[in-house]
Number of protein chains: 2
Amino acid sequence: MISTSSQFSNRSQGYRPGAAAFPASPTPALDCRDLETQLPEAKAGQRRELKPGESLFLQEDRIDSVYVLLEGWAFRYQDLKDGRRQIVDFALPGDVVGLNEAANAPYGIEALTGCVFACYSRKSFFALVGRQPAMGLALVQMLARAEARAIEHLTSLGRRTARERVAHLLLELVTRLNRLNLAADSKSLDLPLMLSHVADALGLANETVCRCLSSLRKDGVLVLRERRLKVLDLRRLTEEANLSEVEDDETAVTAAPVRRFAA
Amino acid sequence: MISTSSQFSNRSQGYRPGAAAFPASPTPALDCRDLETQLPEAKAGQRRELKPGESLFLQEDRIDSVYVLLEGWAFRYQDLKDGRRQIVDFALPGDVVGLNEAANAPYGIEALTGCVFACYSRKSFFALVGRQPAMGLALVQMLARAEARAIEHLTSLGRRTARERVAHLLLELVTRLNRLNLAADSKSLDLPLMLSHVADALGLANETVCRCLSSLRKDGVLVLRERRLKVLDLRRLTEEANLSEVEDDETAVTAAPVRRFAA
DNA sequence: CGTTAGGTTGACGACGATCAATGACGGTGG
DNA sequence: CCACCGTCATTGATCGTCGTCAACCTAACG
């Protein structure tokens with residue numbers, strides 16, 4: 001192989017030189033976590049706390065509430081009869097679960113870290129959101145981003161190689177965490193993921209994920225160890241991810257992060 | 001080959017003997033096509049007609065309208081730079097596209113058959129839907145079904161074998177067409193799909209799809225030839241599909257079809 | 001008829017799954 | 001303190017599913 005690990009610095013500089021001029025973010029600087037801080041009548045919303053590994057609900061459970069994830073990471077998954085598991089997506093603070101589903105959920109939700117959810121009845125959730133136009137807009141845009149992610153995820157599983165899938169998922173998570181201001185800095189952040197989570201999200205075996213990560217490390221793209229991800233070469237990572245033809249500026253790592261109200 | 005076409009009848013009988021007692025469908029007997037028939041003020045909605053292979057919009061196009069598919073089949077897809085294509089889902093009459101997306105769509109929509117769409121501005125669409133509670137409910141349930149399909153699709157690509165994927169997709173389409181009363185009978189129906197569509201939807205090569213279909217035919221499960229699908233053994237097909245742990249009754253083939261208003 | 005698009009089948013190889021062994025780490029109890 | 005254990009990460013060896021390449025077939029059409 002080619003020696004790859006000796007020249008990080010010249011790569012990590014200069015990513016997207018033109019990106020300094022990215023447009024001012026048109027997204028409202030709030031998300032559904034702000035229901036509570038914005039609207040006093042939302043205070044009634046009950047809390048639900050989960051420890052890592054606990055479930056918010058199970059596949060087939062009846063869902064009558066809407067949950068806003070306030071803190072922590074969770075994931076949606078679907079199990080097959082033979083024990084195979086597919087992780088559908090990861091939920092980060094500000095994400096809403098239980099919104100679209102009628103009657104019985106076709107999937108379960110499990111906490112990855114300690115989680116805090118705000119619980120609303122469907123009716124009161126919509127009433128609250130409707131009370132503030134900016135909140136409705138934020139919700140619609142959040143759902144649109146979730147759908148875009150779902151489609152990219154589908155494309156990953158259908159048409160990307162193992163290495164591309166791993167790169168793509170990590171890039172997605174870096175992007176989302178940066179948007180939320182949850183990254184230590186824009187290149188280094190904590191991911192509460194085990195290999196098996198990545199594998200179950202990407203339709204791969206643990207060993208394959210491990211090999212891809214080793215190989216990406218060997219090539220100087222990133223380092224993922226002990227729940228900590230360092231992106232060494234963001235441009236390379238973006239190339240490795242093999243994004244769809246046209247990638248929204250919205251989803252670029254450099255997008256303006258959400259500014260929190262009442263921090 | 002083995003002769004496969006000689007014994008349909010004994011198989012197609014007797015599927016789910018207990019299913020005669022399936023509950024009365026709680027779903028409202030209408031979908032977004034009924035916006036026009038139900039609400040005179042919706043007549044203003046413009047039409048857009050597409051021939052097979054034409055695009056409603058392309059990946060990256062700016063979407064400002066909501067489209068209700070009135071007739072025909074279409075599909076959403078995403079392309080990678082290297083030319084690989086992933087079909088995200090198929091749209092059937094009554095489905096709505098352009099609803100969730102903010103700004104630029106991360107995918108394109110292409111007509112599979114001749115298609116007729118009703119076009120609404122986002123605002124007027126929501127205004128119309130809001131005018132009739134049953135319509136809002138129908139819309140929410142349609143979206144919930146679409147999401148459930150998306151998750152099953154994701155699970156297919158991530159965790160099902162090629163044969164399972166093919167069986168699963170065909171079962172899904174049979175189910176949807178039956179619900180819409182678009183099947184000649186419940187076991188035989190027209191699918192305007194080429195091998196490449198199935199392959200692109202399932203993340204497989206054309207040849208692999210072809211082999212799976214041959215093998216399913218050899219095993220007496222189904223016959224797909226010349227755009228016509230005959231399900232010979234629905235129970236077997238369901239097993240082959242390797243459904244997720246708990247399958248909603250809602251999605252069973254035997255579910256009550258939508259009753260159309262003002263046919 | 002020739003041409004083309006799509007479907008079918010075979011041969012072969014590659015990517016990733018599986019199986020297995022080992023290592024690193026943290027917790028627990030002696 | 002250290003042996004013991006369980007969990008998870010890592011690496012190697014081997015195997016199988018499915019992708020790729022190629023040839024051929026069929027039907028539609030000009």
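A note on names: the letters A, B, ... follow the listed sequences, proteins ahead of strands, and every chain is numbered from 1.
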Exercise. Where the side chain of Gln86(B) meets the backbone of Ala201(B), is there a donor-acceptor pair that is under 3.5 Å apart?
Worked result: yes
Exercise. Is there a donor-acceptor pair under 3.5 Å between the side chain of Asp219(B) and the backbone N or O of Val221(B)?
Worked result: no
For this session: Without swapping roles, check the side chain of Arg48(B) against the backbone of Leu56(B) for a donor-acceptor pair under 3.5 Å.
Result: yes
Problem set entry | Bounds of contact between DNA chain D and chain A, in 5' to 3' order, using a heavy-atom cut-off under 4.0 Å | dC8(D) to dA13(D)
Problem set entry | Passing option when Glu152(A) is tested against Arg160(A), Arg165(A), Arg145(A) for salt bridge (Lys or Arg N to Asp or Glu O under 4.0 Å) | Arg160(A)
For this session: Would you mind reading off the distance between Leu195(A) atom CG and dA24(C) atom P, rounded to a whole angstrom?
Result: 16 Å
Set out, line by line, the N/O atom pairs under 3.5 Å between protein and nucleotides 12-18 of chain C.
from: dG16(C); atom 1: OP1; to: Ala162(A); atom 2: N; distance (Å): 2.6
from: dA17(C); atom 1: OP1; to: Gly203(A); atom 2: O; distance (Å): 3.4
from: dA17(C); atom 1: OP1; to: Ala205(A); atom 2: N; distance (Å): 3.3
from: dA17(C); atom 1: OP2; to: Ala205(A); atom 2: N; distance (Å): 3.2
from: dA17(C); atom 1: OP2; to: Thr208(A); atom 2: OG1; distance (Å): 2.2
from: dT18(C); atom 1: OP1; to: Arg84(A); atom 2: NH2; distance (Å): 3.2
from: dT18(C); atom 1: O4; to: Arg211(A); atom 2: NH2; distance (Å): 3.0

Exercise. With under 30° as parallel and over 60° as perpendicular, where do the rings of Phe75(B) and Phe90(B) fit, or are they tilted in between?
Worked result: perpendicular
Exercise. Does Arg159(A) reach the main-chain N or O of Leu204(B) with its side chain, forming a donor-acceptor pair under 3.5 Å?
Worked result: yes
Problem set entry | Expected output: side-chain Ser65(A) to main-chain Cys119(A) donor-acceptor under 3.5 Å | no
Exercise. Side chain of His153(B), backbone of Val88(B): donor and acceptor closer than 3.5 Å?
Worked result: yes
Exercise. To the nearest Å, how far apart are His197(B) NE2 and dG6(C) P?
Worked result: 9 Å
Seminar exercise, completed: Rounded to whole Å, the CG-C1' distance (Asp200(B) to dG6(C)) equals 14 Å
